[in-house]
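Working notes, structure below.
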Amino acid sequence: MRLLITSDTHLPLRAKRLPDRLLGELPRADVVIHAGDWVDEATLDLLESRSRRLIGVYGNNDGPGLRARLPEVARADLGGLRFGVVHETGAAQGREARCAARFPDLDVLVFGHSHIPWDTTAPGGLRLLNPGSPTDRRRQPHCTYLTATAADGTLTDVTLHRLPPR
């Protein structure tokens, strides 16, 4: 099962549209995961219309329309793994232990908010992934997103894709 993982698109405030490379990944993905801060409902509509399956949550910058359509936390079984998606996880220091305590039933937690790519494993085995942002790099050198494969209870091919400057 091929996964496309993104977050913090912030359209149309940080960019006018999603990058072509990210849009080009949509037909290849079995599941698209978005970890919040969409900002506009048009981006949700676009990903819903072009994705085989979309799993998304709202973020702190998402208004009432998005909050009515999306949960704060989403959960799904994908490729034999228990996934969770949430926007905010708090400060980087102590994140693994905090998330492992909050989500003891998960194998993988996808989160956003910081715009900083993240890939760590907590004691006990919880994998934490943040794809960064495809539209707002903040203090990072590149805008980014992730792809991965989930199959037979294993997450493989986790790849951080760096986008060219706009």
Next item on the list: Give, for atom CG of Asn61 and atom CH2 of Trp38, the distance between the pair rounded to the nearest 0.5 Å.
Entry: 14.0 Å

Margin query: Could you check whether any side-chain heavy atom of Pro134 comes within less than 4.5 Å of a side-chain heavy atom of Arg21, counting everything from C-beta outward?
Written below: no

Item checked: Heavy atoms of other groups near Arg138 CZ, more than 12 under 6.0 Å -> yes

Checklist line | Donor-acceptor side-chain pairing of Thr9 and His34 below 3.5 angstrom | finding: yes

Item checked: Closest non-hydrogen atom pair between His113 and Ser7, with its separation -> N-OG, 4.2 Å

Note to self: With a 4.5 Å cut-off on side-chain heavy atoms, are Val57 and Leu70 touching?
What the structure shows: no

Next item on the list: Answer yes when Asp62 and Arg67 have at least one side-chain N-carboxylate O distance shorter than 4.0 Å, and no when they do not.
Entry: no

Next item on the list: Take Asp8 and Thr135, measure what side chain to side chain contact (heavy atoms under 4.5 Å, CB included) needs, and give me the verdict at the end.
Entry: CA-CA 8 Å; Asp8 296 283; Thr135 55; over 6 Å; no

Check: At what distance, to the nearest 0.5 angstrom, does SG of Cys99 lie from CG of Leu109?
Finding: 5.0 Å

Notebook entry, point to check: Out of curiosity, Asp119 CG to Leu160 CG, how far, rounded to the nearest 0.5 Å?
Noted result: 9.0 Å

Note to self: Is the shortest side-chain heavy-atom distance between Leu46 and Leu23 below 4.5 Å?
What the structure shows: yes

Next item on the list: May I ask you to say whether Arg2 pairs ionically with Asp30, meaning some side-chain N is under 4.0 Å from a carboxylate O?
Entry: no

Item checked: Distance-minimising heavy-atom pair for Ile5 and Pro131 -> O-CB, 3.3 Å

Notebook entry, point to check: Does Thr6 reach the side chain of Leu18, with side-chain heavy atoms less than 4.5 Å apart?
Noted result: no

Item checked: Any Leu11 side-chain heavy atom under 4.5 Å of Val39 side chain -> no

Next item on the list: Using a cut-off of 6.0 Å, state whether more than 12 heavy atoms not belonging to Asp105 lie near its atom CG.
Entry: yes

Note to self: Could you report the tightest heavy-atom contact between Val85 and Ala35, atom names first, then the distance?
What the structure shows: CG1-CA, 3.8 Å

Check: How many angstroms lie between atom CG of Asp157 and atom OG1 of Thr159, to the nearest 0.5 angstrom?
Finding: 6.0 Å

Item checked: Side-chain heavy-atom pair Arg53, Met1 within 4.5 angstrom cut-off -> no

Note to self: Rounded to the nearest 0.5 Å, what separates atom CZ in Arg139 from atom OG in Ser114?
What the structure shows: 9.0 Å

Next item on the list: Name the orientation class of the two ring planes belonging to His161 and Tyr145 (parallel below 30°, tilted from 30 to 60°, perpendicular beyond 60°).
Entry: parallel

Check: Taking all atoms of both residues into account, what is the closest heavy-atom pair of Gly90 and Arg98, and its distance?
Finding: C-NH2, 3.4 Å

Check: Hey, are the side chains of Arg127 and Leu106 touching, using non-hydrogen atoms and a 4.5 Å cut-off?
Finding: no

Checklist line | Sub-4.5 Å side-chain heavy-atom contact between Ile33 and Leu146 | finding: no

Item checked: For Arg75 against Phe103, the heavy-atom pair lying closest together -> NH2-CD2, 3.6 Å

Item checked: Least distance between heavy atoms, Leu129 atom then Val158 atom -> CD2-CG1, 4.2 Å

